[in-house]
Amino acid sequence: MYVPSMDEQTPVMDERTLVILSDVHANLEALVSVAADIRARYPDSAVVSLGDVVGYGPQPDECVDLIREMGADSVMGNHEQGLINIIYLQRFNQPAQDALRFTREHLSKENFQWCISRPKALVRDGMRFVHGMPPDSVRTYLWTYAERMADAFVLFSERICFVGHTHEVHCYALAGGTAEEKKLPEAGLVLDPSARYLINVGAVGQPRGADSRAAYLAYDSGSGRLTCHRVEYDIDKTAQLIRASGLHRAFADRLYGTP
Ligand code: ZN
């Protein structure tokens, strides 16, 4: 069980910090605020994006540009996959399909190619990165394993796997064959070196739950500390752009938080 210790203050900032973000969903206001927060807190960090940079939101091309400028290693989300062909597109409901058609029209040729050529998973420094669930599913949700979370750890061999897709933040630890959800306190959680972890990083641009702020995680491999950051941004601006773009109103309403 996790016990906070006295030395748990603000995160140690060094070049080993890895920033993991997901589900930007073409929300440039949120991504700009998150990028500024990352620059200020972790100027030398490496960034990994877990997919769904596009879809639902009004500024897909600008968001892909910024993710690329940030030098983020990026895996494919189901919304990038939905751009590949009609078969993948038809897996979405009508409003999401309409948003992907809008996305297609608003992506430069180069950014479109970038989206559809993302790998389904990345492995780096003993960690796996995937949009949905390991080993490389862009569509399976973490919560499908809610009642049998230990089984999810059979799907990957690395010590830590980071996933997106649900737009929620969760941290599951496997120790002694039992999976347990760990809370992420504001000061961060120091991961147990003898445990394995499956970590859901939340969403930058389409939050779920009451907290409407953009979320991202930072992991310091030196100290083992995992920290969740929540960043305020101009929600009204994105919501107005969504409505003005003719995208479904629900994509704007959801930005204010969901029950
Ligand atoms: Zn998503």
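First listed ligand is number 1; within each ligand, the first listed atom is number 1. Residue numbers count from 1 along this sequence.
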If you apply the rule side-chain contact (heavy atoms from CB on, under 4.5 Å), what do you find for Leu191 with Tyr219, and how did you get there? CA-CA 9 Å; Leu191 302 190; Tyr219 175 60; 3.6 Å; yes
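- Residue His165: no N/O/S atom is found under 2.8 Å from the Zn ion (ligand 1).
- A donor atom on one side chain and an acceptor atom on the other are not found under 3.5 Å apart for Asp236 and Gln240.
- The only option from His170, His167, His165, His131 that meets the ring-ring contact (aromatic ring centres under 6.0 Å, His included) definition with Tyr141 turns out to be His165.
- When OD2 of Asp52 and OD1 of Asp23 are joined through the Zn ion (ligand 1), the resulting angle is 90° to the nearest 10°.
- At a cut-off of 2.8 Å, His131 does not coordinate the Zn ion (ligand 1) through any N, O or S atom.
- The side chain to side chain donor-acceptor pair (under 3.5 Å) test with Thr166 singles out one residue from Asp23, Thr144, Asn200, and that residue is Asn200.
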